[in-house]
Amino acid sequence: MIQIDNIRFYYPNSKVILNNVSLHFTTGNIYGLFGKNGEGKSTLMKIMTGLLFPKAGYCRILNENTFKRSVKCLQDVFIVPEEFELPGVKISTYERVNSTFYPEFSKDQFYKLIKEFKLSIDQKISTLSFGQKKKVLIAFGIATNTRLLLMDEPTNGLDIPSKSQFRKIMASSVDQGKCIVISTHQVRDLHSLINHVVILDNSNVTFDQPLSTISEYLWFGKPNQDDRASIIYSETSYGGKAVLMRKDHDETEVDLELLFNAVISQPDQINAILKNMYHDERV
Amino acid sequence: MDFDNSKPIYLQIVDFFYENILAKRWHEEERIPSVREVAVMVEVNPNTAIRAFNYLQEQNVIYNKRGIGYFVSENGFNKVLDIKKIEFMEVILPDVFKKMRLLNVQFDEVKNSFDQYVNNIDHEKK
């Protein structure tokens with residue numbers, strides 16, 4: 001669906017933030033894009049949608065370079081940015097004006113989502129709060145039915161009940177033809193939705209694995225005395241949890257926060273374990 | 001749905017199915033919600049829901065009628081009962097025994113409280 005090859009990017013007069021980044025996103029998945037502040041998550045998303053141009057390398061959607069900004073490409077991509085400006089018009093007007101750019105846009109779906117988010121199409125966008133504006137944009141983004149949907153911190157600004165609604169809406173809108181990439185720090189809000197983890201660190205991709213592989217080879221929880229040897233990463237606090245090699249332990253749910261910390265502190269060790277296991281199996 | 005962190009989410013969805021079948025909310029030979037409906041209900045990625053459905057099919061608790069949907073198997077209730085019984089004997093009981101030894105609780109004490117519990121329930125029924 002989207003192929004990123006050896007991308008390099010830096011803003012004028014500042015350090016390189018993406019160096020030789022290569023990634024491949026396919027349909028039918030919800031990707032979680034993680035990284036510390038300022039590691040280039042939002043920049044990468046802007047490159048993916050043609051809003052920024054890479055200094056080197058390519059980003060292609062369905063074999064079209066995104067920086068060409070071709071109609072074919074742009075009508076199949078939507079981004080919900082973290083910060084945005086919306087015009088001060090009615091929600092229905094916004095829909096009428098902008099939906100024409102997206103051939104697969106579903107008005108019914110948009111109206112339904114607006115209702116589910118407890119908004120009304122007659123409301124003027126300028127009178128809405130930040131969280132409500134975000135809901136308008138999320139609803140619009142889902143209703144465009146573009147094959148690639150990017151969301152930068154979608155749950156920021158959403159109130160508590162809306163986060164659950166957001167998960168329900170996302171669960172109902174994924175299908176095999178869609179590729180969704182979500183960047184977030186609110187891991188707990190979204191961990192049940194994501195099925196592939198990408199972590200950016202030191203201007204590069206340090207981790208890129210499906211959740212099924214992670215839970216197959218790594219174990220998350222409070223270790224016993226006998227497990228000391230296979231600890232890869234552990235939290236220092238009392239009763240702290242740890243990441244272990246799973247071996248013959250029962251499968252556990254992937255603890256994304258723990259995984260993130262483990263990858264940031266021991267990237268080589270974790271990647272080696274996941275890769276070696278592959279080899280073992282194939283031999 | 002509130003997820004507990006230690007168990008994979010797909011297995012927690014499986015438990016949610018077991019509960020519905022044991023409580024007779026879902027009956028044998030009756031259609032159950034679709035993969036998508038379950039995914040929305042418990043707010044998970046549909047891929048995770050599919051894993052739960054596949055697992056339940058392997059256990060012969062549910063089956064798929066092509067083009068129509070998933071159904072609880074003919075003797076699905078008893079199958080779930082067996083599965084849960086084994087889980088109780090092999091997982092929950094050893095844990096209880098471990099605590100009994102640790103706290104020096106005698107078997108008779110447990111038996112007494114169990115009898116009392118059964119008594120209370122019978123009373124309530126009357």
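Lettering follows sequence order; numbering is per chain, from 1.
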pair A:Val174-B:Asn47: side-chain heavy atoms closer than 4.5 Å |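 SC-SC contact between A:Val174 and B:Asn47 ruled out.
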
Side-chain heavy atoms of A:Glu253 within contact of B:Tyr10, under 4.5 Å =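 Counting from C-beta outward, A:Glu253 and B:Tyr10 never come under 4.5 Å.
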
Atom [atom1] of residue position [X] - does it have more than 12 heavy atoms of other residues, nucleotides or ligands inside 6.0 Å?
X        : atom1 : value
A:Gln186 : CD    : yes
B:Arg25  : CZ    : yes
B:Glu87  : CD    : yes
A:His24  : NE2   : yes

Calculate, to the nearest 0.5 Å, the distance between atoms [atom1] and [atom2] belonging to [X] and [Y] respectively.
X        : Y        : atom1 : atom2 : result
A:Asp189 : B:Glu43  : CG    : CD    : 10.5 Å
A:Ser173 : B:Arg36  : OG    : CZ    : 8.0 Å
A:Ser172 : B:Glu37  : OG    : CD    : 11.0 Å
B:Leu11  : A:Asp250 : CG    : CG    : 9.0 Å
A:Ile30  : B:Asn45  : CD1   : CG    : 4.5 Å

Per-residue contacts, residues 134-169 of chain A versus chain B, heavy atoms under 4.5 Å =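 When heavy atoms of chain B are the reference, residues 134-169 of chain A contributes A:Ser164, A:Arg167, A:Lys168 within the under-4.5 Å range.
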
Exam field: side chain A:Thr252 to backbone B:Lys7, donor-acceptor pair closer than 3.5 Å =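 Answer holds: no.
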
Sequence neighbours left out, what passes salt bridge (Lys or Arg N to Asp or Glu O under 4.0 Å) with A:Glu257? Give chain and number order.
->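 A:Arg188.
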
Part of A:Asp175 lying under 4.5 Å from any heavy atom of chain B =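 Both parts, heavy atoms under 4.5 Å.
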
Shortest non-hydrogen separation from B:Val44 to A:Ala171 and the atoms involved =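 Scanning both residues completely, I find the closest heavy atoms to be O-CB, 3.2 Å.
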
